[in-house]
Structure formats: C-alpha cells, structure tokens
Peer 1: 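The structure under discussion is supplied below as structure tokens; questions concerning it will follow.
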Amino acid sequence: MVVDDHPMWRDAVARDLGAAGFDVVATAGDGPQAVRRARAVRPDVLVLDLNLPGLPGAEVCRRLAGAPGTGGEQGPRVLVLSASGEQEDVLEAVKAGATGYLVKSASAEELAEAVRRTAGGDPVFTPGLAGLVLGEYRRLASGPPPGSGGGPEVPQLTERETEVLRLVAKGLTYRQIADRLVISHRTVQNHVQNTLGKLQLHSRVELVRYAIERGLDTE
C-alpha cells in the first residue's frame with residue numbers, strides 16, 4: 001500500500017512497484033485515510049510518506065506498525081519514503097515502528113529492493129541515514145537506563161552472538177551475514193534466535209533497536 005499526499009508521486013510509486021511485480025492493494029492521500037484503508041486491506045508493507053495532512057506519517061506508523069488487527073494478524077511493516085533525510089525525522093519514524101527509511105531520491109530499483117527487504121523484516125535505510133540513527137541512539141543511551149541503579153545489566157552473549165547482532169544492526173540480511181562470517185545461513189538464524197531468547201525480545205526489529213541503543217553496531 002502506498003501513502004503520499006501528492007497524487008502524481010503516489011501514482012508513480014504505485015506504478016513502479018506494480019511493474020516490479022508487487023500487488024499494490026491500495027493507496028491513500030492523507031493520514032486518517034491511510035489508517036482506515038490499511039486496516040481494511042491489510043497490506044504486508046506500507047510505503048509511507050511522513051508529511052501527510054490530517055495525521056502525521058509517524059502517527060500513522062505508530063497506529064499501524066505491528067498492531068494486531070481484529071483477527072489477531074499483525075499490522076504491516078512500514079517503509080518510510082520521505083523527501084526529508086533529517087536525523088530527527090528518521091529517528092521519529094524508527095521510534096514509531098518503521099522497519100526502514102528511504103529518501104525520495106532513491107531509484108525505482110532501490111525502492112523495489114527496499115520493499116522486498118522490508119517485507120522480509122530486514123531494516124532498510126538510505127545509505128548514510130543508518131549512521132545518523134545509530135549515533136543518536138548511542139547519545140540517548142549514554143547514561144544508565146532508568147531504574148538500573150548504576151550500570152546497565154546486559155545479558156551475557158557469546159562473542160559470535162554479539163558479532164551477528166552487530167551485523168544485524170547494520171542492516172545486513174542473514175545471507176549477507178553468513179557470507180561475511182563464512183558460516184551457514186541456518187547458523188546465523190540459530191544465533192539470532194538464541195540472542196532473542198536471551199534478551200527476551202520477539203522480533204528482528206526489536207533486536208536491531210536493542211543493538212543500536214547499546215551501541216553494539218560498532219566495529
């Protein structure tokens with residue numbers, strides 16, 4: 001589903017995605033309409049502009065991303081497609097639950113690939129924006145968490161689990177991580193599942209947020 005308040009841009013994005021083989025089930029031109037239609041058609045991926053009339057894109061994301069529907073199904077994964085590359089906008093979108101963030105200067109091919117990766121749960125960022133988000137999360141997380149009474153208690157991860165977690169935080173797919181570490185795709189999946197269990201998290205997106213809040217993406 002494509003959400004943008006500019007009809008020509010919205011139609012162009014829908015056409016490009018359709019040409020790339022995606023089924024565009026709906027479009028919307030403002031925030032309230034986006035929420036209503038997304039709940040009605042239940043898209044797998046929501047390509048969302050932030051600057052929307054009626055309801056800001058970040059709030060649309062907050063209301064839909066990961067929110068169970070009436071039948072218990074999960075909400076859409078959200079790929080923000082915005083003219084803004086400002087750090088504050090990117091960070092707000094991530095906090096609202098967006099899986100990825102792409103600026104509108106991206107090519108049709110880059111958009112199609114970003115939608116594919118978003119559908120698979122991979123965090124996707126326009127090159128350069130991921131570093132802005134990671135840097136801001138490190139700054140926010142520089143002090144001890146509330147109620148910690150001191151230093152944060154970090155669950156004990158193995159060296160390999162930490163290595164995989166850092167690469168996940170950088171936005172690499174399981175296959176890319178496997179190639180980089182010269183291990184199997186299945187082994188990467190096992191490490192991620194073990195890490196999720198230790199950290200008491202439930203999804204890859206939550207895992208990425210944990211990693212960037214802790215600054216575990218550093219080399």
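The structure presented is a predicted model; accordingly, all values stated were derived computationally and were not measured. Index from 1, following the sequence.
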Peer 1: To the nearest 0.5 Å, tell me how far R186 CZ sits from Y174 OH.
Peer 2: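 R186 atom CZ to Y174 atom OH measures 11.0 Å (nearest 0.5 Å).
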
Peer 1: Please determine whether a side-chain nitrogen of the Lys or Arg among E163 and R160 lies less than 4.0 Å from a carboxylate oxygen of the Asp or Glu.
Peer 2: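 The answer is yes: the pair qualifies as a salt bridge.
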
Peer 1: What's the spacing between L207 CG and L196 CG if we round to 0.5 Å?
Peer 2: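 If I round to the nearest 0.5 Å, the distance is 5.0 Å.
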
Peer 1: Working to the nearest 0.5 Å, report the span between CD of E161 and CG of N190.
Peer 2: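 CG of N190 is found 10.5 Å from CD of E161.
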
Peer 1: May I ask you to check whether Q33 and R36 show a side-chain donor-acceptor distance below 3.5 Å?
Peer 2: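 Result is no, nothing qualifies.
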
Peer 1: Which heavy atom of A108 sits nearest a heavy atom of D16, and at what distance?
Peer 2: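 Shortest heavy-atom separation between A108 and D16 comes out as CB-OD2, 3.8 Å.
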
Peer 1: For A96, is there any backbone N or O sitting under 3.5 Å from a side-chain donor or acceptor partner on R62?
Peer 2: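 A pair under 3.5 Å: no.
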
Peer 1: How far apart are the closest heavy atoms of Q176 and T173, and which atoms are they?
Peer 2: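 Closest approach of Q176 to T173, heavy atoms only: OE1-N, 2.9 Å.
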
Peer 1: Do W9 and L50 sit in one hydrophobic cluster, given that two such residues count as connected whenever their side-chain heavy atoms are within less than 4.5 Å of each other, even indirectly?
Peer 2: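 No: no chain of side-chain contacts under 4.5 Å links W9 to L50.
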
Peer 1: Indicate if V115 and L102 have the same hydrophobic cluster label, given that clusters are the connected sets of ILVMFWY residues with side-chain heavy-atom separations under 4.5 angstrom.
Peer 2: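 Yes, because V115 and L102 connect within a single hydrophobic cluster, where side-chain heavy atoms sit under 4.5 Å apart.
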
Peer 1: Transitively linked via ILVMFWY side-chain contacts under 4.5 Å: V25 with V3?
Peer 2: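 In one cluster: yes.
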
Peer 1: Please check if atom NE2 in H6 has more than 12 non-hydrogen atoms from other residues, nucleotides or ligands closer than 6.0 Å.
Peer 2: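 No, because the 6.0 Å sphere around NE2 of H6 holds 12 heavy atoms or fewer from other groups.
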
Peer 1: Under the side chain to side chain contact (heavy atoms under 4.5 Å, CB included) rule, what do D4 and L81 come out as? Steps first, then yes or no, please.
Peer 2: CA-CA 9 Å; D4 195 287; L81 182 61; over 6 Å; no

Peer 1: Identify the heavy atoms of R117 and P123 that sit nearest to each other, and give their distance.
Peer 2: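 The answer is NH2-O, 3.6 Å.
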
Peer 1: What is the distance from atom CZ of R180 to atom CG of L167, rounded to the nearest 0.5 Å?
Peer 2: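 Between R180 CZ and L167 CG, I get 5.5 Å after rounding to 0.5 Å.
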
Peer 1: Please indicate whether D179 has more than 12 foreign heavy atoms, meaning atoms of other residues, nucleotides or ligands, lying under 6.0 Å from its CG.
Peer 2: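 Enclosed.
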
Peer 1: Looking only at heavy atoms, which two atoms of L48 and G57 are closest? And how far apart?
Peer 2: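 That would be CD2-O, 3.2 Å.
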
Peer 1: Quick one: closest heavy-atom pair of A14 and V24, and the distance?
Peer 2: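 Closest approach of A14 to V24, heavy atoms only: O-CG2, 3.6 Å.
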
Peer 1: With rounding to the nearest 0.5 Å, note down the distance linking CD in Q193 to CD in Q189.
Peer 2: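 Rounded to the nearest 0.5 Å, the CD-CD separation comes to 7.5 Å.
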
Peer 1: Side chain to side chain contact (heavy atoms under 4.5 Å, CB included), that's the test. Do L55 and D30 meet it? Break it down for me.
Peer 2: CA-CA 7 Å; L55 194 68; D30 61 52; over 6 Å; no

Peer 1: Salt bridge check, E92 against K95: does any charged N sit closer than 4.0 Å to a carboxylate O?
Peer 2: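 So K95 does not pair with E92 through a salt bridge.
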
Peer 1: Where the side chain of E59 meets the backbone of P56, is there a donor-acceptor pair that is under 3.5 Å apart?
Peer 2: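 No: the side chain of E59 does not pair with the backbone of P56.
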
Peer 1: Please say which of V124, T118, L46 ends up in a side chain to side chain contact (heavy atoms under 4.5 Å, CB included) with R77.
Peer 2: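 It is T118, the one option of V124, T118, L46 that forms the side chain to side chain contact (heavy atoms under 4.5 Å, CB included) with R77.
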
Peer 1: Quick check on side-chain hydrogen bond (donor to acceptor under 3.5 Å, both in side chains): which of N51, D49, D89 does S84 satisfy it with?
Peer 2: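 Going through N51, D49, D89 one by one, the side-chain hydrogen bond (donor to acceptor under 3.5 Å, both in side chains) with S84 is satisfied by D89 alone.
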
Peer 1: Taking Y101 as the starting point, is it possible to reach V47 by hopping between hydrophobic residues whose side chains are less than 4.5 Å apart?
Peer 2: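 No; Y101 is not reachable from V47 via cluster members.
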
Peer 1: Can you tell me how far the CZ atom of R37 sits from the OG1 atom of T27, to the nearest 0.5 Å?
Peer 2: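 The OG1 atom of T27 is 6.0 Å from CZ of R37, to the nearest 0.5 Å.
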
Peer 1: Contact between V208 and V168 at the side-chain level, heavy atoms closer than 4.5 Å - yes or no?
Peer 2: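 Side chain of V208 against side chain of V168, heavy atoms only: contact under 4.5 Å found.
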
Peer 1: What are the two closest non-hydrogen atoms of L52 and G29, and how far apart are they?
Peer 2: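 In this case the closest contact between L52 and G29 is CD2-O, 4.5 Å.
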
Peer 1: Can you tell if the side chain of L111 reaches within under 4.5 Å of the side chain of V13, non-hydrogen atoms only?
Peer 2: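 In short, these two side chains touch, coming nearer than 4.5 Å.
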
Peer 1: Got a donor-acceptor contact below 3.5 angstrom from the R10 side chain to the V2 backbone?
Peer 2: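 No; zero donor-acceptor contacts below 3.5 Å.
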
Peer 1: Do V45 and V60 sit in one hydrophobic cluster, given that two such residues count as connected whenever their side-chain heavy atoms are within less than 4.5 Å of each other, even indirectly?
Peer 2: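 Each belongs to a different hydrophobic cluster.
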
